[in-house]
Amino acid sequence: MASRFNALKADAAWQAVWEERRTFAAKDDSPRPKSYVLEMFPYPSGKIHMGHVRNYTMGDVLARFRRMKGMEVLHPMGWDAFGMPAENAAMEKGVHPGAWTYQNIDTMRSQLKRIGFGLDWSREFATCDPEYYGHQQALFLDMVEAGLVYRKESAVNWDPVDMTVLANEQVIDGKGWRSGAVVERRKLSQWFLKITDFADELLDGLKELEHWPDKVKLMQENWIGKSQGLQFRFALSDGGEVEVFTTRPDTIFGASFVAVAADHPLALKLAEGNPEVAAFADKCRAGGTSAAEIETQEKLGYDTGLTAAHPFDPDWKLPVYIANFVLMDYGVGAVFGVPAHDQRDLDFARKYDLQVRRVVSDGAEEAPEFHGDEAYTGPGTLVNSHFLNGMDVVDAKREVIERAEEGGWGTGTTVWRLRDWGVSRQRYWGTPIPIIHCETCGPVPVPRDQLPVKLPEDVSFDIPGNPLDRHATWKHVDCPKCGKAARRETDTLDTFVDSSWYFIRFASQPDDKPFDKAVAEQWLPVGQYIGGVEHAILHLLYARFWTRALKHMGKLDIAEPFAGLFTQGMVTHETYFRDEGEGRRSWFGPDDVEISGKTGTLKADGQPVTVGRVEKMSKSKKNTVDPGPIVEQYGADAVRWFMLSDSPPERDLEWSEAGIEGAWRFVQRLWRLFDGLDEAQGDDAAEDRALDRKLHQTIAGVADDIEALSFNKAVAKLYELVNAIEKAKPSASRANAVRTLIRIVAPMAPHIAEEAWAEAGGDGLVADAEWPEVDPALIVEDEVTIAIQVNGKLRDTITMPKGAPKADVEAAALATDKIVRQLDGKAPRKVIVVPDRLVNVVA
RNA sequence: GCGGACGUGGCGAAAUCGGUAGACGCAACGGACUUAAAAUCCGUUUCCCGAACGGGAGUGCGGGUUCAAGUCCCGCCGUCCGCACCA
């Protein structure tokens with residue numbers, strides 16, 4: 001009789017079998033159709049968290065399902081292993097970043113295996129393996145040769161205490177996040193990749209990504225930020241020139257000033273001889289960059305005393321300002337101000353009492369005087385604009401660009417918001433940039449036969465700064481060109497470079513080169529990529545760029561790396577806290593509190609705590625749940641099942657004790673069915689057509705749902721089937737349904753499925769079994785319930801054979817008691833019959 | 001400010017093409033089994049009136065299109081996300 005399903009035993013046993021038989025190793029030379037399922041690889045921070053579990057469960061279900069459908073599936077795993085946390089750990093705990101990282105990898109690998117993910121571990125690598133980053137260095141040199149890399153002075157956030165460069169996110173209120181020191185802006189010579197060369201392609205390519213969420217495509221589109229307009233020159237009163245960019249050349253006769261950024265060459269030149277200008281420029285640069293600060297920041301300008309001559313009227317002189325709202329790194333760092341039709345220009349003009357001239361009319365008003373404090377930026381007709389009068393905005397833009405080009409003082413231009421990708425990081429734990437700096441020869445690539453340029457092991461983190469820089473010997477090398485003493489580049493590559501091509505290396509990893517073109521192309525593009533939406537812009541854009549760069553260099557004939565993208569929601573949990581006054585708040589973990597209904601008490605002192613919002617699991621709010629003990633308690637299948645249940649995968653999933661228990665109960669319910677298989681049939685070999693239908697509808701429905709990644713719907717369908725089987729009387733159909741159920745749940749709950757498969761005498765592993773075939777005759781009902789409405793309100797239902805003629809359905813509907821009563825002897829005015837669905841009687 | 005998504009029971013959610021709103025799960029309640037509990041099983045569960053048969057209302061709010069609207073259109077309100085002085 002039914003025993004309990006021993007998850008711990010079954011999990012371990014089947015995981016061992018999969019590993020031993022290399023069940024999930026993908027074969028490059030397989031004749032089966034290929035499918036590449038990939039989840040974003042993790043950063044080895046220590047332990048896996050629930051977010052990983054959810055992400056990898058989704059991918060695993062799809063990968064296992066596709067295998068059962070007869071595909072050769074590549075489902076690999078590796079480690080995004082370079083990055084700052086390892087250096088922080090080195091500083092705090094005195095361990096080597098490599099030792100720390102590899103130890104974390106060992107822990108996390110065994111945790112992933114413990115959940116039974118069907119991964120091809122034979123292709124595993126970490127980006128900090130010299131074998132990996134050596135090939136990455138080679139690709140970097142390829143890009144250098146292809147002219148896609150250059151060196152430029154660029155400003156960075158410099159922490160003077162930690163002697164390190166900070167990312168923008170590490171600067172909080174102008175101070176370093178670790179040291180608290182006021183951050184300085186320093187100019188350093190840094191390496192850049194020419195992603196802007198591909199801006200047009202990256203934008204256009206989005207259109208072909210049919211299986212990407214619109215949201216992500218839109219975010220990338222905005223990030224790339226294509227603007228078309230006119231770049232043109234003003235002659236200055238000192239005999240010089242200033243160039244500006246505008247997307248609104250149509251409003252050229254509404255100009256009332258010219259403004260340049262504080263870092264603009266013109267401003268820098270003026271600052272040299274004038275301390276007042278220099279002071280003003282400094283003030284502009286000091287301004288904060290946070291959202292709130294920009295919102296409230298006053299428009300400030302410094303009148304240079306220079307004037308600019310209007311290109312269409314040399315006698316019309318416009319004042320030239322240095323202004324804090326003009327950005328040096330967008331366009332050309334200078335604008336002409338049209339206050340009536342641009343809000344910033346209007347704010348500025350009102351403050352400095354400049355002319356505000358209407359040149360676009362919305363049809364209501366045409367007078368040159370523009371009143372009010374809200375600029376008009378909508379469409380309309382040009383007014384007060386000489387030869388442009390009467391044109392609409394679009395025509396006027398074209399007209400002005402044409403005249404500027406004819407007159408030789410301007411050109412129609414496209415400007416991008418996207419900047420080139422600065423890849424230099426002044427850190428140890430990253431891929432060394434394979435360049436040697438020679439006083440005579442300049443930057444020289446490291447000869448290929450000397451790759452990889454390995455990180456030195458003997459480094460210390462007890463003093464601030466980059467250990468590569470102060471290493472006694474590492475950076476001192478001879479110039480490969482002239483042989484004189486030279487210096488290695490001590491910067492390392494941005495870790496986003498590591499993740500820009502790892503999916504190619506998974507597909508093909510020869511020893512002698514980054515990848516084999518033909519082998520990689522067999523697998524690529526990734527069919528389904530799954531990860532967090534936080535990577536919607538940077539990682540996904542960089543990987544798209546890298547792939548296009550490889551194509552450009554003829555190394556890989558793939559335009560887009562990820563054909564399908566899915567961004568899953570986060571795993572969340574309630575928060576518990578106490579306000580300690582002065583805005584301070586202490587947070588408590590789920591294990592520290594006792595919850596009853598909407599109130600909670602702290603176990604430690606029995607006093608109440610506030611039950612806060614449901615938020616993303618995070619260490620800072622202490623609302624994390626460690627998957628490790630949960631898997632030990634409930635088994636891998638219950639955890640997987642819960643990850644797939646209830647919430648649509650793109651939405652957040654709230655972790656709850658009740659939820660995981662529900663999943664566990666379902667696993668046990670499955671086991672009672674599987675284990676009672678012998679008795680299911682009983683003595684009765686009769687068929688149960690209704691159950692047969694339900695089974696085949698479920699096989700088809702679950703398959704569709706898994707392909708659509710709608711796991712919550714697949715779960716619901718499985719509950720329905722299990723309910724139906726449990727209610728059904730013993731029959732051959734019932735026994736068959738239970739036997740088939742083993743395969744339907746296999747992608748989601750693989751351990752119990754293997755156990756049941758073996759017990760039921762299945763051939764080989766259920767992981768290698770075929771997805772059950774659907775009998776098309778059984779997925780359609782032979783009877784349908786037809787709704788009967790009177791004036792659109794449901795009044796009754798009738799059951800009819802499927803496909804019954806309209807006339808029969810109408811007659812049957814009108815004959816029911818309830819409808820007869822509703823009509824009260826009157827003839828209906830109209831009857832609408834939707835076959836197999838409903839009848840609407842219009843009375 | 002700009003761009004986008006979303007809003008359905010106590011909760012997570014279904015409703016695939018405009019056609020029976022609330023499938024499925026959680027929680028709750030009632031019952032069976034048990035010395036008792038757990039587990040399991042049976043039932044109820046959108047709201048209001050009603051013992052019941054039944055009736056009315058109902059998918060953020062206000063309008064509209066339609067025989068028929070959660071779904072389409074217009075206008076609000078709210079929540080969340082992304083970008084942010086981008087000329």
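Naming: A, B, ... by sequence-line order, numbering from 1 per chain.
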Asks: Can you find a side chain N or O atom of A:Arg4 that sits less than 4.0 Å from OP1 or OP2 on B:A38?
Replies: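 No, A:Arg4 has no side-chain N/O under 4.0 Å of OP1/OP2 on B:A38.
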Asks: Just checking A:Leu218: base, sugar-phosphate only, or nothing, at a heavy-atom cut-off of under 4.0 Å?
Replies: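 Touches sugar-phosphate only.
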Asks: Could you tell me how the ring of A:Trp671 sits relative to the ring of A:Phe5: parallel (under 30°), tilted (30 to 60°) or perpendicular (over 60°)?
Replies: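 Rings of A:Trp671 and A:Phe5: tilted, as their planes differ by 30° to 60°.
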Asks: Given the P atoms of B:C49 and B:U66, what is the spacing between them in whole Å?
Replies: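 Here B:C49 and B:U66 have their P atoms 37 Å from each other.
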Asks: Does B:C29 have a Watson-Crick or wobble mate here (both distances under 3.5 Å), and if so which one?
Replies: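 Partner of B:C29: B:G43.
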Asks: Ignoring the backbone of A:Phe245, work out which of B:C85, B:C83, B:A87 is nearest its side chain.
Replies: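 Of the candidates, B:A87 comes closest.
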Asks: Under the side-chain contact (heavy atoms from CB on, under 4.5 Å) test against A:Ile788, which residue among A:Thr816, A:Leu814, A:Thr797 passes?
Replies: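 It is A:Thr816; the other options fail the test.
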Asks: Taking only residues at least two apart or on different chains, which pairs with a member in residues 713-727 of chain A satisfy salt bridge (charged side-chain N to carboxylate O under 4.0 Å, His left out)?
Replies: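 Those involving residues 713-727 of chain A are A:Arg669-A:Glu726, A:Lys694-A:Glu720, A:Asp705-A:Lys717.
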Asks: In residues 250-262 of chain A, what residues come within less than 4.0 Å of RNA chain B, judged by heavy atoms?
Replies: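 Those residues: none at all.
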Asks: Heavy atoms from C-beta onward define the side chain here; which of B:C41, B:C86, B:A13 lies closest to that of A:Tyr330?
Replies: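 So the nucleotide nearest the side chain must be B:C86.
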Asks: As a test of reading the structure: which of B:C85, B:G82, B:A87 is closest to the side chain of A:Ile537, going by heavy atoms?
Replies: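 The closest nucleotide is B:G82.
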Asks: Looking only at side-chain N and O atoms, does A:Thr575 offer a donor or acceptor that is under 3.5 Å from a partner on A:Asn623?
Replies: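 Per modelled atom types, A:Asn623 and A:Thr575 side chains form no pair under 3.5 Å.
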Asks: Can you tell which of B:A87, B:C41, B:G56 lies closest to the side chain of A:Arg672?
Replies: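 Of B:A87, B:C41, B:G56, B:C41 is nearest to the side chain of A:Arg672.
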Asks: Just checking A:Tyr376 against A:Phe370, ring centres under 6.0 Å apart?
Replies: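 No, they do not, as the ring centres are separated by 6.0 Å or more.
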Asks: For a quick check of understanding: with a heavy-atom distance under 4.0 Å over all strands, which category does A:Arg821 fall into, base, sugar-phosphate or nothing?
Replies: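 Answer is nothing: A:Arg821 stays at 4.0 Å or more from every strand.
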Asks: What interatomic distance, in whole Å, is found between P of B:G75 and the corresponding atom of B:C2?
Replies: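 Approximately 15 Å lies between the P atom of B:C2 and that of B:G75.
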Asks: Determine, step by step, whether A:Phe642 and A:Trp655 satisfy the ring pair (Phe, Tyr, Trp, His ring centres under 6.0 Å) criterion, reporting the C-alpha distance in whole Å, the side-chain angles of both residues, the deciding distance to 0.1 Å, and the verdict.
Replies: CA-CA 9 Å; A:Phe642 178 59; A:Trp655 177 268; 4.9 Å; yes
Asks: Across all strands, who's sitting opposite B:U16 as a Watson-Crick or G-U wobble pair, both distances under 3.5 Å?
Replies: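 Matched B:U16 with nothing under the 3.5 Å cut-off.
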Asks: Could you go step by step and tell me if A:Thr246 and A:Phe232 meet the side-chain contact (heavy atoms from CB on, under 4.5 Å) rule?
Replies: CA-CA 9 Å; A:Thr246 179; A:Phe232 69 100; 3.9 Å; yes
Asks: Report the C-alpha separation of A:Val320 and A:Phe257 in whole Å, then their side-chain angles, then the decisive distance to 0.1 Å, and conclude whether the side-chain contact (heavy atoms from CB on, under 4.5 Å) test is met.
Replies: CA-CA 6 Å; A:Val320 176; A:Phe257 63 94; over 6 Å; no
Asks: What integer number of Å spans the C1' atoms of B:A5 and B:G55?
Replies: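 Their C1' atoms lie roughly 39 Å apart.
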Asks: Give me the atom names and distance for the closest heavy-atom approach of A:Gly378 to A:Val360.
Replies: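 Heavy atoms only, the tightest pair is O-CG1, 4.3 Å.
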Asks: Measure from the side chain of A:Ser647, starting at C-beta and using heavy atoms only, and say which of B:G12, B:C86, B:A14 lies closest.
Replies: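 Out of B:G12, B:C86, B:A14, the nucleotide with an atom closest to A:Ser647's side chain is B:G12.
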Asks: Under 4.0 Å, heavy atoms only, any strand: does A:Arg829 hit a base, just the sugar-phosphate, or nothing?
Replies: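 Counting heavy atoms under 4.0 Å across all strands, no contact is made by A:Arg829.
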Asks: Given that both distances must come in under 3.5 Å, which nucleotide forms a Watson-Crick or G-U wobble pair with B:A23?
Replies: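 Result: none.
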Asks: How far does CG of A:Leu541 sit from CD1 of A:Ile195, to the nearest 0.5 angstrom?
Replies: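 It comes to 4.5 Å.
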Asks: Across the strands shown, which category fits A:Val415 at heavy-atom distances under 4.0 angstrom: base, sugar-phosphate, nothing?
Replies: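 The answer is nothing, as A:Val415 stays clear of every strand by at least 4.0 Å.
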Asks: Say we look at B:C11 and B:C61: how far apart would their P atoms be, to the nearest angstrom?
Replies: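 Here B:C11 and B:C61 have their P atoms 15 Å from each other.
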Asks: May I have the distance from A:Trp671 (atom CH2) to B:U40 (atom P), rounded to whole angstrom?
Replies: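 After rounding, the reported distance stands at 17 Å.
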Asks: A quick test of your reading: do over 12 heavy atoms of other residues, nucleotides or ligands sit less than 6.0 Å from CZ of A:Arg837?
Replies: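 Check fails, neighbour count at 12 or below.
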Asks: Tell me which nucleotide, if any, is Watson-Crick or G-U wobble paired with B:G82 when both distances must be under 3.5 Å.
Replies: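 Pairing partner, where one exists within any strand: B:C2.
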Asks: Do nucleotides 15-33 of chain B as a string where each nucleotide becomes B, S or -: B if the base has a protein heavy atom under 4.0 Å, S if just the sugar-phosphate does, - if no protein is that close.
Replies: S---BB--BSSSS------
Asks: Using OP1 and OP2 only, check whether a side-chain N or O of A:Lys793 sits under 4.0 Å from B:A57.
Replies: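 Looking at the OP1 and OP2 atoms of B:A57, one of them is under 4.0 Å from a side-chain N or O of A:Lys793.
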Asks: With C1' as the reference atom in both, quote the distance from B:U20 to B:U46 in angstrom, rounded to an integer.
Replies: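 Each nucleotide's C1' atom is 16 Å from the other's.
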Asks: On the side chain of A:Arg344, is there an atom forming a donor-acceptor pair with the base of B:A87 - under 3.5 Å, no angle test?
Replies: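 Indeed, a donor on one side and an acceptor on the other fall under 3.5 Å apart.
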Asks: Sticking with atom C1', work out how far B:C33 lies from B:U40, rounded to a whole angstrom.
Replies: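 The answer is 9 Å between these two C1' atoms.
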